[in-house]
Amino acid sequence: MKKFLILLFVLVNFSGFSQGNSNSESIFPVNYFKKPLNIPLILSGTFGELRSNHFHSGLDIKTLGKEGLKVTTAAEGYISRIKVSAWGYGKALYITHPNGYTSVYAHLKKFNDKIEAYVKKHQYSKKSFEIQLFPGVTTLPIKKDEIIAFSGNSGSSGGPHLHFEIRNTKTEKPINPMLFGIDISDAKKPRINTLVGYSLSDNAHINKISKPSQITLIQLKDGGLTTPKIKAYGKIGFGINAYDQLDGAYNKNGLYSLTMLVNGEKVHEFNAVSFSFAESKYINLLIDYERYSKLYQRIQKCFIEPSNKLSLYKKSDSKGYITVEDGLNYNVEIIAKDFKGNKQKITIPIEGKKDSILVKDEIIKTPYKIKFREFNKFQKDEITVAFPKYTFYKDLFLDFEVKDSLVKVHSPTVPLSNYYTLTFNVSKYSEKDKKYMYIASINKKGTTNYVKTIKKSTSFYTSTKYLGNYTLLFDNKEPSVKLINLRNEQWITSFNSIKVKISDSESGIKSYKGEIDGEWILMEYDAKTDTLTYNLNDKKFTEAKHNLKVTVIDNVGNAKTLSATFYRKK
């Protein structure tokens, strides 16, 4: 079978790059599949896409649904960071280049032999599969055309692909790699599916409705969109649901830019150029978070909420808010673009008309008033919630209910900026019971999930950034540990690896440890398949008979140990 290559070419001389200039010199990187296949580069994800609680910080490069493609870089540099995790980026490499940029390669299957040996040495030293290393400038230098790794599906990847980033080395801000000359075939314009109107001040309305409302879209012959004439008054705003598709792919990707004009004047502009990871949380103010939590549809707002500190916007005096006056007419245009400049536009005619509001967005008042600029603490029965300053983005009335050990802390329709503390008084339980108890979240489907539980003598507490339902659960069941590819007392001379299936149906797995003949072994954990894998080439076997022991501990301390004997020739 022919080998594939993912080539990530990096030319050293590209100091002239300036953010926001899509016509920058083609300098870093140019990617393609090498001949004889001559397959054009195809993406499954673009920079700045709206993801859960974050923006996508790079490009997802398709790998034909395969793992094990060679990943190379054509520019010199050095490996400055290596991270191995069962989650997130999985196996990832960070290469610092002498021109002020760092390239990132994630969801890898494995590293090249030199890097792999370096990582394994430290994994065995620390006795941990998950590890983060920061080699020095001279430790792992990278030459031009060197194969650095092989593509994979590790971490939280949804399928085989290569995640690629470019970051400013000094600030660590990711930058849209398309700005460095990557050429992707794209003749398709973005598609706008939904338009939502928002009434944003007292007495404001859109068609006599003061709550968020979906507005009918009309397809025009030229491919553009319009709406029936809207009658509105007061401060209003708009938001859209849209996606873009590239040639040769069905993936629904994010927009590069979103612009809104009122009577020909630009009042709002979003550009997916660069951002800091610290500000990524403000994505929950960029979108209509309540609609997303209820309908799983992301509406990207064309106005900037007061607490939104994203740097992806261009400055505007009105920040995208439209103040509609009685008796005046307005023409609003919303333009969605991809990186290639393909675009789709909505034209919204508005007639200013002060009118009676027929449908209002009612505020339900409770005894628990959140003042978001202050520390807020509430107690009910045996439960306490404590919110530090600026946990919320605005004032609101908290829906806080307690029934037995079931707690409702509002609903997950409101985003949070910081963590809050939820505390259960457990003094009524015996020490034996408390040993096996933990705090769990409950989702809309009724599924429970362990949340990190800190245990004190009379209380359990957790810190979380999610509102919703929580409860106390009991777990005294052992985890499950099973052999996959061998049996007890089996000869495995021809085997390359040992595979073990681990799982826990209650509180979930906290840790695991593998040993052969009493010595710790490196077992790679694949969280997608709940599989531990040991590479038999890691150890020199001097005897034929060996004992395998795998111990798994769940989040409340229940442990299960699997012991098996296997035979392997010297």
Side-chain angles (χ1 to χ4, degrees), residues 52-53 85-88 130 156 284 289 292-294 296 368 376-388 391-392 398-481 501-512 525 527-530 552-560:
S52 295
N53 300 310
S85 174
W87 311 99
E130 297 200 325
S156 300
N284 292 328
Y289 191 83
Y292 172 68
S293 66
K294 291 179 177 178
Y296 298 105
Y368 311 103
N376 297 269
K377 184 177 180 180
F378 307 112
Q379 184 173 350
K380 190 171 184 180
D381 297 339
E382 302 296 313
I383 310 299
T384 303
V385 286
F387 302 96
T391 299
F392 292 85
L398 188 75
D399 184 5
F400 177 42
E401 301 175 11
V402 179
K403 185 177 181 181
D404 298 326
S405 62
L406 180 64
V407 185
K408 180 181 181 181
V409 187
H410 208 72
S411 67
T413 58
V414 175
L416 299 183
S417 177
N418 295 309
Y419 289 83
Y420 71 94
T421 303
L422 171 64
T423 304
F424 289 76
N425 185 326
V426 295
S427 57
K428 65 182 179 182
Y429 297 101
S430 68
E431 292 301 316
K432 182 179 179 180
D433 285 344
K434 286 189 287 186
K435 179 181 178 181
Y436 298 105
M437 292 172 65
Y438 63 97
I439 302 172
S441 62
I442 309 171
N443 65 20
K444 289 189 287 188
K445 296 180 180 179
T447 303
T448 59
N449 289 287
Y450 171 90
V451 295
K452 186 175 181 180
T453 304
I454 310 300
K455 296 185 177 184
K456 300 294 184 182
S457 58
T458 60
S459 64
F460 291 177
Y461 71 89
T462 188
S463 293
T464 177
K465 285 185 73 173
Y466 298 97
L467 300 170
N469 296 332
Y470 292 86
T471 192
L472 287 175
L473 292 180
F474 185 86
D475 175 15
N476 63 355
K477 295 180 181 179
E478 296 177 341
S480 172
V481 189
K501 181 91 168 181
I502 64 173
S503 61
D504 188 85
S505 61
E506 300 290 332
S507 60
I509 294 169
K510 180 180 181 181
S511 64
Y512 65 88
Y525 179 45
K528 298 187 195 71
T529 60
D530 294 325
V552 179
I553 301 174
D554 68 18
N555 279 300
V556 297
N558 297 304
K560 178 67 178 291

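As the structure is a computational prediction, the values presented were derived from the model and not from experiment.
For the atom pair OG1 of T423 and CD1 of I383, the computed distance is 8.5 Å after rounding to the nearest 0.5 Å. Between the OH atom in Y289 and the OG1 atom in T413 there is a gap of 8.5 Å [rounded to 0.5 Å]. L467 contributes atom CG, which lies 6.5 Å from atom CZ of F387 (distance to the nearest 0.5 angstrom). Distance check, rounded to the nearest 0.5 Å: NZ of K456 to CG of N425 gives 14.5 Å. Rounded to the nearest 0.5 angstrom, S480 OG and K560 NZ are separated by 6.0 Å. Once rounded to the nearest 0.5 Å, the distance linking NE2 of H410 with CD of E401 reads 11.0 Å.
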Test side-chain hydrogen bond (donor to acceptor under 3.5 Å, both in side chains) applied to T462 and Y450, step by step: CA-CA 10 Å; T462 188; Y450 171 90; over 6 Å; no

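Shortest non-hydrogen contact noted between S293 and P412 is CB-O, 3.4 Å. In terms of heavy-atom proximity, P415 sits nearest to N284 at CB-CB, 3.6 Å. Scanning all heavy atoms of the two residues, the minimum distance from Q379 to F400 falls at C-CE2, 4.1 Å. Contact between Y419 and P388 at its shortest, heavy atoms only, is O-CD, 3.4 Å. Here the shortest heavy-atom pairing between T453 and I439 reads OG1-N, 3.0 Å. Heavy-atom minimum distance, N555 versus K510: OD1-CB, 3.4 Å.
Between the side chains of N558 and N476, no donor-acceptor pair of N or O atoms lies under 3.5 Å. Under the 3.5 Å distance criterion, with hydrogens and angles disregarded, no donor-acceptor pair is assigned to the side chains of N443 and Y466.
The neighbour count for K452 NZ, taken as heavy atoms of other residues, nucleotides or ligands under 6.0 Å away, does not exceed 12. Residue K408 qualifies as enclosed at atom NZ: its count of foreign heavy atoms under 6.0 Å is above 12. For K377, the NZ atom is loosely surrounded, since the number of other residues' heavy atoms within 6.0 Å does not exceed 12.
Side-chain contact between V426 and L472 is present, with at least one heavy-atom pair separated by less than 4.5 Å. The shortest side-chain heavy-atom distance between V407 and T471 does not fall under the 4.5 Å cut-off. Side-chain contact between Y420 and N376 is absent, with no heavy atoms from C-beta onward closer than 4.5 Å. Contact annotation: the side chain of Y368 approaches that of K380 to within less than 4.5 Å [non-hydrogen atoms, C-beta and beyond]. Contact of the I442 side chain with the Y470 side chain is not registered, since no non-hydrogen atoms from C-beta on lie closer than 4.5 Å. Annotation: side chain of E506 is not in contact with side chain of L473 (no heavy-atom distance under 4.5 Å). For the pair D504 and V552, the minimum side-chain heavy-atom distance is 4.5 Å or more.
With hydrogens and angles ignored, the 3.5 Å screen pairs a side-chain donor or acceptor of K455 with a backbone N or O of K434. At least one donor-acceptor pair under 3.5 Å links the side chain of D475 to the backbone N or O of K477. Side-chain atoms of D554 do not come within 3.5 Å of backbone N or O of P479 as any donor-acceptor pair.
Considering Y436, Y429, Y438 in turn, Y436 is the only one that fulfils the side chain to side chain contact (heavy atoms under 4.5 Å, CB included) rule with F474.
Using bins of under 30°, 30° to 60° and over 60° for the plane-to-plane angle, the ring pair W87/Y525 lands in the perpendicular bin.
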